[in-house]
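Below: the structure, in structure tokens.
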Amino acid sequence: MIVSLKKVAKRYTRGKETVEVLHSLDLGIEQGDFVALMGPSGSGKTTLLNLIGGLDRPSEGEVVVAGEHIDRLSGAALARWRARNVGFVFQFYNLMPMLSAQGNVELPLLLTKLSAAQRRKNAQTALTVVGLADRARHKPSELSGGQQQRVAIARALVADPTLLVCDEPTGDLDRKTADEILGLLQTLNRDYGKTIVMVTHDPKAAEFAKRQLHMDKGTLVPGNMP
Ligand SMILES: Nc1ncnc2c1ncn2[C@@H]1O[C@H](COP(=O)(O)OP(=O)(O)OP(=O)(O)O)[C@@H](O)[C@H]1O
Ligand SMILES: [Mg+2]
């Protein structure tokens with residue numbers, strides 16, 4: 001099991017009001033799986049994804065990812081754990097506009113002990129995997145949406161994480177480009193062994209995954225494999 005959540009709750013407090021966004025949620029994901037997480041807006045998909053990726057912590061319960069009890073790590077230890085274990089892909093790419101594709105992909109490696117030459121080489125490899133070796137010097141504004149998302153995927157891959165978490169990675173792309181990106185994710189899952197958890201609203205996108213989970217009002221809908 002690469003992801004194991006037990007009795008996880010997440011609450012947000014706003015002034016006097018407390019909102020429970022996830023309730024007593026159990027989830028297991030095997031290494032090598034490709035999971036599509038679906039459900040209505042506000043059902044807690046992003047909240048769950050952020051707990052799995054260690055961007056946030058649960059209010060209650062246990063989150064074990066890649067063998068680590070990440071609910072017990074300090075902030076600094078959690079950041080180091082994330083850098084080694086998880087790649088993030090978001091709907092709006094979140095690339096640095098002043099940096100080239102190459103520079104963007106090298107960014108996560110600045111936190112490592114790799115030499116500049118090794119960083120350059122690893123970024124080139126990641127850009128090759130996503131089919132953008134010939135665009136390495138382009139800035140994000142000189143790339144199409146689909147190409148920008150490929151750069152973001154290369155950045156997510158460059159530190160060779162076991163787990164990729166993607167929050168609506170094709171939400172801003174047309175059908176054809178979306179299918180190309182989803183095909184790339186499938187390749188990363190099949191041929192590179194990456195475990196992928198992807199939030200999507202798009203049933204066609206979800207079909208690229210190996211299985212689908214549905215959320216509603218902060219829990220996984222029964223009938224899902226826990
Ligand atoms: N930082 C926060 N503080 C307070 N409430 C929050 C916070 N983050 C999320 N929420 C609330 O938690 C609920 C779930 O939000 P979440 O972003 O996980 O939904 P989602 O399923 O990803 O929705 P969408 O499909 O619109 O992206 C929402 O009601 C939201 O208002
Ligand atoms: Mg969301």
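Bear in mind the structure is a predicted one, so any value in this text is a computation, not a measurement. Numbering of ligands and ligand atoms starts at 1, following listing order.
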Does ligand 1 have a heavy atom under 4.0 Å from the side chain of T47, from its backbone, from both, or from neither?
both

Paired with E60, the side-chain hydrogen bond (donor to acceptor under 3.5 Å, both in side chains) test is passed by just one of R11, K6, H23, namely R11

Got the closest protein heavy atom to atom 9 (C) of ligand 1, with its distance?
Y12 CE1, 3.6 Å

Among all protein heavy atoms, pick out the one at the shortest distance from atom 29 (O) of ligand 1; state its residue, atom name and that distance to 0.1 Å.
G42 O, 4.1 Å

By number and element, which atoms of ligand 1 are closer than 4.0 Å to a non-hydrogen atom of E168?
25 (O), 27 (O)

In this structure, which one of I29, T195, I52 forms a side chain to side chain contact (heavy atoms under 4.5 Å, CB included) with V35?
I29

Cluster check I196, L163: I/L/V/M/F/W/Y, side chain < 4.5 angstrom
no

Using a 4.0 Å heavy-atom threshold (strictly under), name the region of H201 that reaches ligand 1: side chain, backbone, both or neither.
side chain

How far is atom 5 (N) of ligand 1 from its nearest protein heavy atom, and which residue and atom name does that atom have?
R14 NH2, 3.1 Å

Any chain of hydrophobic side-chain contacts (each under 4.5 Å) joining L99 to L109?
no

Residue from K210, R190, R211, K194 passing salt bridge (Lys or Arg N to Asp or Glu O under 4.0 Å) with D33
R211

Among protein heavy atoms, which lies nearest atom 25 (O) of ligand 1, and at what distance?
K45 NZ, 2.8 Å

Distance to 0.1 Å, residue and atom name: give those for the protein heavy atom nearest to atom 24 (P) of ligand 1.
S41 OG, 3.6 Å

Joint cluster assignment, F90 & V158, ILVMFWY side-chain distance < 4.5 Å
no

Do L188 and F88 land in one hydrophobic cluster if side-chain heavy atoms of ILVMFWY residues count as linked below 4.5 Å?
no

How far is atom 17 (O) of ligand 1 from the closest protein heavy atom, and which atom is that?
T46 CB, 3.7 Å

Flag yes if L184 and L132 sit in one hydrophobic cluster, no otherwise; membership is Ile, Leu, Val, Met, Phe, Trp, Tyr, and two members link when side-chain heavy atoms are under 4.5 Å apart.
yes

Heavy-atom distance under 4.5 Å between the side chains of L55 and R82, does that happen here?
yes

Near V21, which atoms of ligand 1 are under 4.0 Å from a heavy atom of that residue?
11 (C), 12 (O), 13 (C), 14 (C)

So if I apply the side chain to side chain contact (heavy atoms under 4.5 Å, CB included) rule between C166 and each of V89, L37, I153, I181, which one comes out positive?
V89

Applying side-chain contact (heavy atoms from CB on, under 4.5 Å), can you list everything that pairs with S24, at least two apart in sequence or on another chain?
K7

Could you tell me whether ligand 1 has any atom less than 4.0 Å away from a heavy atom of G44?
yes

Listing protein N, O or S under 2.8 Å around the Mg ion (ligand 2) gives T46 OG1

Closest heavy-atom pair, Q148 versus L143, reported as atoms and distance to 0.1 Å, is NE2-O, 3.1 Å

P40 neighbourhood, listing ligand 1 atoms whose heavy-atom distance to it stays under 4.0 Å:
21 (O)

